[in-house]
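The structure under discussion appears below in the form of structure tokens.
Counting convention: from 1, in listed order, for ligands and their atoms alike. Any value given below was found using the heavy atoms of this structure, including those in side chains, with hydrogens, waters and symmetry copies removed.
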Amino acid sequence: MDNDILKVLISEEEIHKIVHRLGKEIEEDYRGKDLVVVGILRGSVVFMTDLIREIDLHLDIDFMDVSSYGDGMESTGIVKILKDLEESIKGRHVLIVEDIVDTGRTVKHLQGLLEYREAASIEVCTFLDKPTRREISGLEVKYVGTEVPNEFVVGYGLDFSQKYRNLPYVGILKPEIYE
Ligand code: 5GP
């Protein structure tokens, strides 16, 4: 897989530091609260499994699967719920975990949906953020691992056509892979 990567953007060591910092911030903010960490399948899985082990609190995990991208690289603008939560979130503190916030459409849609279910609070934690691509104004993302430039990135859960999710770092693909 390494041969398909043009450039490493975030190394394993950097990832570890980022995830540790986020975990400790979350631990501080949610002490004494009924926390449900909601991973958005499938991209957030690698990040989420590392993140929850940095949070020394009792918490529940749950997952939602939404589709906003097909096998391509452009947002379709359509967010479809493919798998819903297993548990009720009424009166509970929800932390949505995303791999990357790009246009912001996915997060915006999820926030609306979960607010309607009467969660006590809803915040978002994303590993990566591409602020220059944002199409939703005023979107609040409380916990951001790091910002990335407007490039299509893979690794650490992020895919291209379902591949590269298991790369232990984040990188940019060589153009010949997707052209
Ligand atoms: P948004 O709704 O914010 O435009 O899109 C969020 C989703 O788009 C992410 O969860 C991810 O699946 C996908 N996405 C956005 N940018 C990238 C990228 O650079 N690489 C990969 N692999 N997926 C991306």
Electrostatic pair [X]:[Y] at N-O distance under 4.0 angstrom:
| X | Y | value |
| --- | --- | --- |
| E86 | K83 | yes |
| K24 | E28 | no |
| K174 | D4 | no |
| R31 | D56 | no |

Could you tell me which atoms of ligand 1, counted from 1 in the order shown, lie closer than 4.0 angstrom to a heavy atom of [X]?
| X | result |
| --- | --- |
| D99 | 9 (C), 10 (O), 11 (C), 12 (O) |
| E98 | 10 (O) |
| E151 | 19 (O) |
| L158 | 20 (N), 21 (C), 22 (N), 23 (N) |
| R105 | 2 (O), 3 (O) |
| D159 | 21 (C), 22 (N) |

If we set the cut-off at 4.0 Å for heavy atoms, which region of [X] has an atom near ligand 1: side chain, backbone, both, or neither?
| X | answer |
| --- | --- |
| K130 | side chain |
| V148 | neither |
| R133 | neither |

The one among L128, I100, D129, T106 that brings a heavy atom closest to atom 2 (O) of ligand 1
T106
Consider only side-chain heavy atoms of I, L, V, M, F, W and Y, link residues closer than 4.5 Å, and tell whether F152 and V170 are in one cluster.
no
Contact between F160 and ligand 1, counting heavy atoms under 4.0 Å?
no
Determine whether any heavy atom of G104 lies closer than 4.0 Å to an atom of ligand 1.
yes
Given side-chain hydrogen bond (donor to acceptor under 3.5 Å, both in side chains), test D50 with Y156 step by step and report yes or no.
CA-CA 10 Å; D50 282 347; Y156 199 60; 2.6 Å; yes
Considering both backbone and side-chain atoms of F152, is one of its nitrogen or oxygen atoms within less than 3.5 Å of a nitrogen or oxygen in ligand 1?
no
Name the orientation class of the two ring planes belonging to H93 and Y30 (parallel below 30°, tilted from 30 to 60°, perpendicular beyond 60°).
perpendicular
In terms of ring plane angle, is the pair F47 and F127 parallel, tilted or perpendicular, where the classes change at 30° and 60°?
tilted
Using distance alone, with no hydrogens and no angle criterion, decide if Y143 and D129 have a side-chain donor and acceptor under 3.5 Å apart.
no
